[in-house]
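Order of appearance sets the numbers: ligands from 1, and atoms from 1 within every ligand.
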Amino acid sequence: MRELAGRNAVVTGASRGIGRHIAVALAARGVHLVLSARSEPELERTAAAARARGVRATVVAADLAHPDGAAQLVERSLDEAGAIDLLVNNAGVQCLGRFARTDLDTLLDAVHLNLISVLQLTRLLLPGMLERGRGHVVSIGSMTGKAGVAYNVAYSTTKFGVVGMTQALRAEYHGSGLGFSVVIPGIVRGDGLAAWLQDVPGLRARTLVGTTTPARVAQATVRAIQRDLPEIVVNPTPVRPLLALAALAPRAVEPIPRIIGVPEMYRRALAYRDHESRA
Ligand SMILES: NC(=O)c1ccc[n+]([C@@H]2O[C@H](COP(=O)([O-])OP(=O)(O)OC[C@H]3O[C@@H](n4cnc5c(N)ncnc54)[C@H](OP(=O)(O)O)[C@@H]3O)[C@@H](O)[C@H]2O)c1
């Protein structure tokens with residue numbers, strides 16, 4: 001969708017982190033916004049930043065880990081905006097931890113928020129987009145959805161799902177005028193769910209893999225929509241050759257994350273988090 005000015009977008013997870021940056025980047029291009037998350041005061045802050053760029057911005061609080069959350073958000077969004085041209089599936093949780101010790105409620109919440117609500121929002125907004133012959137759905141994936149990562153089992157599972165959803169939608173709706181993209185950030189610094197990692201001492205993998213910024217993820221999101229790109233990886237080091245190699249020779253590539261210390265990074269992060277929560 002080349003021309004963004006005057007379009008209506010729903011952005012989930014817009015109360016903070018990457019979602020706030022995406023909302024402001026879209027507002028700067030003239031997109032009117034329906035902003036969603038659970039925390040209304042934080043959403044109002046994002047809405048104020050968007051309105052300062054001259055667009056309409058409405059706040060709709062919704063819990064997308066709840067089975068009815070997505071349907072309620074769609075209903076309210078259509079009431080507020082009339083028609084929705086853009087859906088940004090950004091809300092997500094990482095639920096970092098040892099899988100065997102993850103309780104079922106945590107697992108269900110993560111699957112619901114990161115995957116089921118993404119499918120549900122897309123499914124409910126698609127008919128209107130098809131009717132108008134235009135629309136774009138962009139979902140925020142993760143590197144953990146391109147290569148399974150230790151201590152991120154539920155997160156990886158849901159993020160692989162988002163990549164699969166995007167590919168399948170592109171195949172099914174090719175030629176419809178609709179676009180579908182997935183944006184794959186590496187570790188984001190400064191803001192967002194991984195920002196706390198910068199306080200954990202000695203994370204070699206974080207240095208080796210590198211970090212990106214929420215602003216870069218937001219720029220990539222806008223680019224994906226405008227050019228209908230299937231997938232953009234946002235990471236300072238070139239990971240695509242490694243992913244290609246992993247597809248060709250999974251066993252040969254499997255030790256690489258261990259060698260650069262990715263599981264160790266998350267072990268240390270978990271130990272740090274447990275220590276901080278006890279302190
Ligand atoms: N940060 C990274 O390093 C990184 C890397 C790769 C991918 N990502 C992906 O980027 C996306 C945004 O992450 P972030 O880093 O910006 O995380 P964040 O700062 O923790 O923000 C998460 C957003 O999701 C919302 N959210 C959480 N639980 C929700 C629920 N049950 N219902 C509705 N909204 C909910 C939060 O708002 P409320 O708490 O107000 O509901 C917040 O707006 C996620 O999909 C994440 O997986 C992040």
Side-chain angles (χ1 to χ4, degrees), residues 10-25 33-47 59-74 76 87-96 105-106 108-118 120-121 138-147 149 152 154-163 165-166 182-198 200 203 205-206 209-218 220-221 231-236 239 265-266 269:
V10 171
V11 181
T12 70
S15 59
R16 55 186 150 90
I18 294 170
R20 177 171 284 162
H21 288 260
I22 293 173
V24 171
L33 298 167
V34 176
L35 303 169
S36 190
R38 292 164 304 176
S39 346
E40 239 170 303
E42 292 297 297
L43 284 171
E44 286 297 351
R45 275 189 55 208
T46 311
V59 161
V60 176
D63 182 352
L64 294 176
H66 189 279
D68 300 330
Q72 285 165 1
L73 170 56
V74 167
R76 295 266 318 273
L87 168 63
V88 183
N89 288 313
N90 165 74
V93 280
Q94 187 173 19
C95 63
L96 194 64
D105 284 344
T106 304
L108 290 176
D109 275 1
V111 172
H112 220 105
L113 174 64
N114 294 3
L115 189 56
I116 307 286
S117 81
V118 170
Q120 173 75 329
L121 289 171
V138 55
S139 304
I140 309 303
S142 158
M143 284 305 300
T144 65
K146 296 298 284 182
V149 173
N152 284 273
Y155 189 54
S156 278
T157 305
T158 58
K159 292 298 183 179
F160 267 86
V162 166
V163 172
M165 179 195 82
T166 304
V182 58
V183 174
I184 314 269
I187 300 171
V188 175
R189 67 174 179 274
D191 210 349
L193 55 74
W196 66 283
L197 290 180
Q198 67 209 25
V200 185
L203 299 188
R206 190 175 173 276
V209 174
T211 56
T212 188
T213 64
R216 288 207 182 97
V217 180
T221 304
E231 182 180 295
I232 306 186
V233 172
V234 191
N235 199 66
V239 286
M265 171 174 81
Y266 284 116

Sorted by chain and number, the residues that approach ligand 1 to under 4.0 Å with a heavy atom: Gly13, Ala14, Ser15, Arg16, Gly17, Ile18, Ala37, Arg38, Ser39, Ala62, Asp63, Leu64, Ala65, Asn90, Ala91, Gly92, Leu113, Ile140, Gly141, Ser142, Tyr155, Lys159, Pro185, Gly186, Ile187, Val188, Gly192, Leu193, Ala194
Polar side-chain atom of Asp63 near backbone of Gly69 as donor-acceptor pair, under 3.5 Å: no
Atom CZ of Arg45 with >12 non-hydrogen neighbours under 6.0 angstrom: no
All side chain to side chain donor-acceptor pair (under 3.5 Å) counterparts of Asn235, not counting sequence neighbours: Thr237
Can you give each donor-acceptor pair under 3.5 Å made by side-chain atoms of residues 36-43, sequence neighbours left out, with the distance rounded to 0.1 Å?
from, atom 1, to, atom 2, distance (Å)
Ser36, OG, Val60, O, 2.8

Short side-chain to backbone donor-acceptor contact, Ser156 and Thr144, under 3.5 Å: yes
With Thr158 via side chain to side chain donor-acceptor pair (under 3.5 Å) - residues at least two apart: Asn114
